[in-house]
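For this chain, numbers begin at 1 and follow the sequence in order. Quantities reported herein were computed from a predicted structural model and do not represent experimental measurements.
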Amino acid sequence: RTLGLITTDLALHAPSQIASAVKSRAGECGASVLISMVEHPERCQAALQELLAQRVEGLLVNVPLDDPLAEQIRQLAAPVPVLFFDVSPEAKVHRLAFDAEQGAKLGAEHLLSLGHRRIALLSGPESSVSSRARLAGWQARLAQDNLVPCAMAHGDWSAASGYEKGHQLLAGSALPDAILVANDQMALGVMRACAEKGIAVPGQMSVVGFDDTADSAWFSPPLTTIRQAFRVAGERSVEWLLSGSTDELWQTQLPVTLVERHSSA
Ligand code: NPF
């Protein structure tokens, strides 16, 4: 049995951990996974045709897609079922996603409970539904306490962008107390920027990431973050695709949890 995975850049930690989890679970189920990595969402159709030509019996798509493109891909693939990871809940497609709002709320509440009020946001790219949902969740939770972010920037998920945007967020005369970051790789870059400016983490600046990738416990200091259980996402998605009962619309939200380490105080 063969499944297909169309994924965004595998040099990034979250997509690579999802790909790894999908491969492992498929292997345990005696299925193989053909992986196609696309640089742009518009390349998804071509990747889809390639995978269909190789007779995959189910497809996973971990690329940020707007609703029309996702629905188009579902139709092109039919009757082969397609499961999407980074589409809006409104799209009429099968979807497995982590609860981004809940994760954002947990991170913001953690900082608020520590007494921080000057909170900066480092969001991910606007093209990603997950990224927009994390940003909206942070803003909504801050607004509940009548707060607005003291500074804000968008990165591209990479540590390099975290470093560059981190320097931007730290450039003002009054420093933030804390920074909420949309993924752990960008948090790594932010902590590097803090170190270069002589800003102690967590003494002068708390940093909270999002993902809990395998390396995040080894950052210096070990990163406080929102855990997305990538293994579980891989298991659930593969099991559903191989279940043979994929006719009904399946939209599942996986819970996330706060992992308190040493980058926040
Ligand atoms: C991404 C996407 C690319 C690179 C990093 C991250 N991240 O750190 O979270 O975010 C999201 C994906 O957009 C989404 O599809 C889902 O896979 C989620 C776990 O990661």
Does the [X] side chain pair with the main chain of [Y], one donor and one acceptor, at a distance under 3.5 Å?
X: Lys165; Y: Leu122; result: no
X: Asp211; Y: Thr213; result: no
X: Asp215; Y: Trp218; result: no
X: Ser16; Y: Ala11; result: no
X: Gln251; Y: Val93; result: yes
X: Asp184; Y: Phe210; result: yes
X: Ser263; Y: Thr224; result: yes
X: Lys197; Y: Leu170; result: yes
X: Arg118; Y: Ala174; result: yes
X: Gln54; Y: Glu50; result: yes

Under a 3.5 Å threshold, yes or no: a donor from one side chain and an acceptor from the other, between [X] and [Y]?
X: Arg231; Y: Ser20; result: yes
X: Arg43; Y: Ser36; result: no
X: Ser206; Y: His116; result: yes
X: Asp156; Y: Ser158; result: yes
X: His94; Y: Thr246; result: no

In this structure, are over 12 heavy atoms from other groups packed under 6.0 Å from Arg261 atom CZ?
yes
Do [X] and [Y] share a hydrophobic cluster, counting only Ile, Leu, Val, Met, Phe, Trp and Tyr and linking them when any side-chain heavy atoms are less than 4.5 Å apart?
X: Val63; Y: Ile18; result: no
X: Trp138; Y: Phe98; result: no
X: Leu12; Y: Leu135; result: no

Any Lys/Arg nitrogen of [X] or [Y] sitting under 4.0 Å from an Asp/Glu carboxylate oxygen of the other?
X: Lys105; Y: Glu101; answer: no
X: Glu126; Y: Arg132; answer: no
X: Arg74; Y: Glu71; answer: no

Out of curiosity, [X] [atom1] to [Y] [atom2], how far, rounded to the nearest 0.5 Å?
X: Ser88; Y: Asp67; atom1: OG; atom2: CG; value: 3.5 Å
X: Glu42; Y: Leu69; atom1: CD; atom2: CG; value: 7.5 Å
X: Ser243; Y: Trp250; atom1: OG; atom2: CH2; value: 8.5 Å
X: Leu96; Y: Gln253; atom1: CG; atom2: CD; value: 9.0 Å
X: Phe230; Y: His13; atom1: CZ; atom2: NE2; value: 10.5 Å
X: Asp99; Y: Thr252; atom1: CG; atom2: OG1; value: 12.0 Å

Within 45° of the six-membered ring axis of Phe85 and under 6.0 Å from that ring's centre, is NZ or CZ of Arg95 located there?
no
Ignoring hydrogens, what is the shortest heavy-atom contact between [X] and [Y]? Give both atom names and the distance.
X: Arg227; Y: Val259; result: CB-CG2, 3.6 Å
X: Arg117; Y: Leu112; result: NH1-O, 3.4 Å
X: Gly209; Y: Ala187; result: CA-CB, 4.3 Å

Residue pair [X] / [Y], side-chain heavy-atom distance below 4.5 Å:
X: Gln139; Y: Leu121; value: yes
X: Pro222; Y: Phe219; value: no
X: Ile119; Y: Ile179; value: no
X: Arg134; Y: Ile226; value: no
X: Val129; Y: Leu65; value: no
X: Ile6; Y: Val38; value: yes
X: Leu3; Y: Leu34; value: no
X: Pro149; Y: Leu142; value: yes

Sort out for me which residue in Ser128, Ser127, Pro41, Pro15 forms a side chain to side chain contact (heavy atoms under 4.5 Å, CB included) with Asp86.
Ser128
Asp212/Thr225 under side chain to side chain donor-acceptor pair (under 3.5 Å): CA gap, chis, key distance, verdict:
CA-CA 6 Å; Asp212 196 22; Thr225 188; 5.6 Å; no
Side chain to side chain contact (heavy atoms under 4.5 Å, CB included) between Leu48 and Leu59, worked out
CA-CA 9 Å; Leu48 175 72; Leu59 278 153; 3.2 Å; yes
